Colleague: 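Can you read through this structure? Questions will come right after.
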Amino acid sequence: MSTELDNLQNAEGNKKKEEVIKSENTSHDHQDDTSIEELNSEKRNENPDYEETVVPQEDYDSLDLEQLIEKAKKIQNNYPVFLIGEAINNIKESFNQKFDYNESQRKQKYLDEGGEEISYKPDLSLKTQFNSVYHDYKARLTAHYQEQEQKEQNNLKNRLQIIEELKKLYTTPIESIGSFFKEFRDIKERWHNAGKIPKSKASDVFKTYFHHLENTHEFIKLNKELEELDYAHNLEQRQAIISRAKELLTEPSIQKALNELQYLHKLWKEQAEPVAEKYREPTWQEFKDVTQQIHARKSELFEKIKEEQELNLKKKQKIIDELEKISSSANPNHSFWQNNIKKIEKLREEFFSIGRVQKEYSGETWTRFKELLHEINTQKNTYYKELKKVQQDNLRKKNELLKIAKDNQDSENWDAALNLYKKIQNDWKNIGHVPRKYSDKLWNEFREYCNNFFDRYKQKNNKINEEWQENLSKKQAILAKLPSIFELDQNEALQKINDYCVQWNSIGKIPRENMNINKEFNQTINKLTSQLNIDKNLIDEMQLNIKVENYIQSKDDKKLDDDLRRMKKQIQDLEHEIVQLENNLSFFSNAKQDNPLLQNSLNNIEAKKVKLEELKQTYSKLINLDLTQTNGNNTPDADNKPEEDITE
């Protein structure tokens, strides 16, 4: 019997020793805050009625800078400093993000209003306030750790003293059984409440304690009377624990009942062992049954909570899905954000109004929700930042166009300036929006400069039109005099025609819509030469000489170049037309020579060949003139000039 009792007690002692060491052999890691679970466990050991301390999760991104400062102060005042690290750091992150964004907006506004970047002074008043609150938190946390270190050192000294007292208890002769057990129970009670010690010392200290505790129990076994008194006291402890556990069956708060039940099991292991064998199993079974009944209440409660939390999870997941749709939208524009800002705020408020979800999903759901809000806010802020950058770039571009319009409004290079103003007007249309406060002012200035140029251009055109109308009147007067030539003899007529041709060619440009007067003049001259039997070659030679003389007198190289390019193109076009018409003669291979269509085609080809030959002769003479005028001036010959048709 004694052997079985010894084995059982040894086994229970070892088990108890391992569990107590595991539960108490903990220490603060100074790199991290003490966990909420450690705090609550320690407080429950000291007071079974202790309620767990939890720092609630909140959406700090929704608060402004002043509210974040007040929230940091409130958390520091209402919760232990070593439990608020995560909350304070989250507040700090939100504060820094909002402060940086607000400060960048403030700086940009300052620059937009014409301020110099080197003169800008940031507003650090709120930053200073927050830093003061945060530094206070760090100072309090450091003080807490220093206090904990000192406390653990004191606890170590206390536990070592208790071990010495325990060793002395079983190694010193007993004066009184009552005083022995009183001192023994006092030692165990003080050990139970002695608190944490440095982690590096914990293992050796607890092993030493349990070694002497086992020796004390062995000493008690050697004294039957002592053993019986120990058993009786431990039995009273068990019954008191069972009685309190039964009271927990009616405790309204199931969480409080479970917390205290955990504390009672710890007491059972440390204060209610051992007892007489006949009470050992019955008392344990009774305590076990009560424990199962309390856990049964937990199961019922948890089942109901589980259903509610599953429903809450679905609701929160639906909100997260909506936020993900917003976050993943492709190419969101200003209209998109304006339509979704209120929707996002409504989803955020709805999320916080929903209750808890299962613990295994809580962190993931909260993290994803917070990430999505952060992503959406980042996307929105990035969009408007980029929009502002684009508008600033557009502002720069329009200012450049404005300067061009201002600098060229008095230009006399009409053709180049006209093309320039058409281009910058088109560029202005293609540039996007600029900040609204600059838009009207820029447009009014740009329009004023453009109008100044076009008003001048219009006045210049009106003057040119007057000159052209005057030239038209001169040509009409010459045209009216041509019929009088019919009354002259051939020599006089030829001289008169020569004079009129000289006058005609010396007259400048006329309105484009009256260009047919040149054709009418040529037709009249041809009619005169025909009726007066004047050799047309003489007229052509005469007109060519007149044209050459005009070039020589005017020394207008540009007009000569333009005429050469026009004639060269006309020559190329005529050559192409002649080749095409000759190819078309294949359609008349079986036609008779008197076929009207065939005759018309042949006549057309012959006329074009005559015209081609005349153009070539004129072109050849003008080319020679050009070479004579430009010899030694490094001016390229006409064959190297651009081939384009410059019409009058």
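Note that the structure is predicted; figures quoted are calculated from it, not measured.
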Colleague: Looking at Arg348 and Glu345, is any side-chain nitrogen of the basic one under 4.0 Å from a carboxylate oxygen of the acidic one?
Modeller: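 Yes, Glu345 and Arg348 are salt-bridged.
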Colleague: Just so I know, are the side chains of Glu324 and Leu372 near enough to count as touching, which here means a heavy-atom distance under 4.5 Å?
Modeller: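 Yes, at least one pair of side-chain atoms sits under 4.5 Å.
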Colleague: Decide if the gap between the ring center of Tyr263 and the ring center of Trp268 is smaller than 6.0 angstrom.
Modeller: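 No.
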Colleague: Does the side chain of Glu70 reach to within under 4.5 Å of the side chain of Gln67, using non-hydrogen atoms?
Modeller: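 They are not in contact (no side-chain heavy atoms under 4.5 Å apart), so the answer is no.
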Colleague: Measure the shortest side-chain to side-chain distance between Gln76 and Val81 over non-hydrogen atoms and say whether it is less than 4.5 angstrom.
Modeller: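 Result no, sub-4.5 Å side-chain heavy-atom pair not found.
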Colleague: In plain terms, say whether Asp393 and Arg396 are close enough for a salt bridge, that is, a side-chain N and a carboxylate O under 4.0 Å apart.
Modeller: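 The answer is yes: the pair qualifies as a salt bridge.
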Colleague: Using a strict 4.0 Å threshold on nitrogen-to-oxygen distance, state whether Lys343 and Glu322 make a salt bridge.
Modeller: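 Salt bridge flag = yes for Glu322 with Lys343.
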Colleague: Is any side-chain N of the basic residue among Lys168 and Glu165 closer than 4.0 Å to the acidic one's carboxylate O?
Modeller: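 Salt bridge between Lys168 and Glu165, a charged N being under 4.0 Å from a carboxylate O: no.
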Colleague: For the residue pair Gln150 / Asn154, report whether a side-chain donor-acceptor contact shorter than 3.5 Å exists.
Modeller: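 Looking only at side-chain atoms, Gln150 and Asn154 do form a donor-acceptor pair, the distance falling under 3.5 Å.
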Colleague: Side chains of Arg159 and Phe206: closer than 4.5 Å at any heavy-atom pair?
Modeller: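 Yes, their side chains come closer than 4.5 Å.
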Colleague: Yes or no on side-chain contact (heavy atoms from CB on, under 4.5 Å) for Lys315 and Lys318, after CA distance, side-chain angles and deciding distance?
Modeller: CA-CA 5 Å; Lys315 292 178 181 178; Lys318 185 177 180 181; 5.7 Å; no
Colleague: Identify the heavy atoms of Ile163 and Thr208 that sit nearest to each other, and give their distance.
Modeller: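 Smallest heavy-atom distance, with atoms named: CG2-CG2, 3.8 Å.
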Colleague: OH of Tyr279: more than 12 outside heavy atoms within 6.0 angstrom?
Modeller: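 At most 12 heavy atoms, drawn from other residues, nucleotides or ligands, come within 6.0 Å of this atom.
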Colleague: What distance do Ile376 atom CD1 and Leu323 atom CG have between them, rounded to the nearest 0.5 Å?
Modeller: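 The CD1 atom of Ile376 sits 4.5 Å away from the CG atom of Leu323.
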Colleague: Within 45° of the ring axis of Tyr134 and under 6.0 Å from its six-membered ring centre, is that where the NZ or CZ of Lys92 lies?
Modeller: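 Because its charged atom sits under 6.0 Å from the ring centre and within 45° of the axis, Lys92 does stack over Tyr134.
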Colleague: Honestly, is Lys316 close enough over Phe369, meaning NZ or CZ under 6.0 Å from the six-membered ring centre and within 45° of the axis?
Modeller: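 Here Lys316 fails the 6.0 Å and 45° test against Phe369.
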Colleague: Is any side-chain heavy atom of Leu264 closer than 4.5 Å to one of Leu248?
Modeller: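 Yes. Closest side-chain heavy atoms under 4.5 Å.
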Colleague: Atom NZ of Lys98 and atom CG of Asn381: how far apart are they, to the nearest 0.5 Å?
Modeller: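 Reported value, rounded in 0.5 Å steps: 8.5 Å.
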Colleague: Between the side chains of Asp289 and Gln285, does any donor sit under 3.5 Å from an acceptor?
Modeller: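 Yes, because at least one side-chain N or O of Asp289 sits under 3.5 Å from a partner of the opposite role on Gln285.
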Colleague: Crowded around His295 NE2? As in, over 12 foreign heavy atoms under 6.0 Å?
Modeller: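 Yes, NE2 of His295 has more than 12 neighbouring heavy atoms, counting only those of other groups under 6.0 Å.
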Colleague: Output all residues satisfying side chain to side chain donor-acceptor pair (under 3.5 Å) with Glu286, sequence neighbours left out; order by chain, then residue number.
Modeller: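 Result, side chain to side chain donor-acceptor pair (under 3.5 Å) vs Glu286: Lys246.
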Colleague: Does a sphere of radius 6.0 Å around OH in Tyr438 hold more than 12 heavy atoms from other residues, nucleotides or ligands, not counting ones at 6.0 Å or beyond?
Modeller: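 Yes, because the 6.0 Å sphere around OH of Tyr438 holds more than 12 heavy atoms from other groups.
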Colleague: State, to 0.1 Å, how close Phe130 and Ala72 come at their nearest heavy-atom pair, and which atoms those are.
Modeller: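 Nearest pair, atom of Phe130 first, then Ala72: CE1-CB, 4.4 Å.
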Colleague: Can you name the closest pair of heavy atoms from Ser125 and Asp123 and give their distance?
Modeller: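 Heavy atoms of Ser125 and Asp123 come nearest at OG-OD1, 3.0 Å.
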Colleague: Walk me through it: do Gln129 and Leu126 pass the test side-chain contact (heavy atoms from CB on, under 4.5 Å)?
Modeller: CA-CA 5 Å; Gln129 291 182 41; Leu126 291 176; 3.9 Å; yes
Colleague: Could you tell me whether Glu349 and Lys346 have a side-chain N and a carboxylate O separated by less than 4.0 Å?
Modeller: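 No, no charged N to carboxylate O under 4.0 Å.
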Colleague: Mind checking whether Phe287 and His265 have parallel, tilted or perpendicular rings, split at 30° and 60°?
Modeller: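 It falls in the tilted class, 30° to 60°.
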Colleague: Honestly, is Lys188 close enough over Phe184, meaning NZ or CZ under 6.0 Å from the six-membered ring centre and within 45° of the axis?
Modeller: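 The answer is yes, since Lys188 meets both limits relative to Phe184.
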Colleague: side-chain contact (heavy atoms from CB on, under 4.5 Å) between Val357 and Trp366: does it pass, once the steps are laid out?
Modeller: CA-CA 10 Å; Val357 301; Trp366 167 251; over 6 Å; no
Colleague: Over all heavy atoms of both residues, which pair between Glu375 and Ser327 is shortest? Give the atoms and the distance, please.
Modeller: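 Looks like OE1-OG, 3.2 Å.
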Colleague: Are a donor atom and an acceptor atom from the side chains of Asn333 and Ser335 found within less than 3.5 Å of each other?
Modeller: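 Result is no, nothing qualifies.
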Colleague: Within the 3.5 Å criterion, strictly below it, is a donor on Thr365 or Gln317 matched to an acceptor on the partner's side chain?
Modeller: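 No pair is found: no donor N or O on one side chain lies under 3.5 Å from an acceptor on the other.
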Colleague: Should His217 and Tyr170 be marked as a ring pair (Phe, Tyr, Trp, His ring centres under 6.0 Å) after you check the CA-CA gap, both sets of side-chain angles, and the distance that decides it?
Modeller: CA-CA 9 Å; His217 281 293; Tyr170 71 85; over 10 Å; no
Colleague: Do other residues, nucleotides or ligands put more than 12 heavy atoms under 6.0 Å from Lys74 NZ?
Modeller: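 Counting other residues, nucleotides and ligands, NZ of Lys74 stays at 12 neighbours or fewer.
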Colleague: Would you say Ile242 and Trp284 make side-chain contact, with heavy atoms under 4.5 Å?
Modeller: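 Contact flag for Ile242/Trp284 side chains = no.
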Colleague: Between Lys199 and Glu152, is there a salt bridge with N-O shorter than 4.0 Å?
Modeller: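 Salt bridge: no.
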Colleague: May I ask you to decide whether Lys167 forms a salt bridge with Glu164, counting only side-chain N to carboxylate O separations under 4.0 Å?
Modeller: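 Judged by the 4.0 Å cut-off on N to carboxylate O distance, Lys167 and Glu164 do not form a salt bridge.
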Colleague: Given the rule in the side-chain contact (heavy atoms from CB on, under 4.5 Å) test, do Thr216 and Phe180 qualify, once you have shown the distances and angles that lead to the verdict?
Modeller: CA-CA 11 Å; Thr216 305; Phe180 174 88; 4.3 Å; yes
Colleague: Are any non-hydrogen side-chain atoms of Ile91 and Ile75 less than 4.5 angstrom apart?
Modeller: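 Result yes, sub-4.5 Å side-chain heavy-atom pair found.
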Colleague: Do Gln379 and Trp337 touch side chain to side chain, with heavy atoms closer than 4.5 Å?
Modeller: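 With C-beta onward as the side chain, the pair touches.
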Colleague: Could Asp186 and Arg190 be called an ion pair, given the rule that one side-chain N must be under 4.0 Å from one carboxylate O?
Modeller: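 So Asp186 pairs with Arg190 through a salt bridge.
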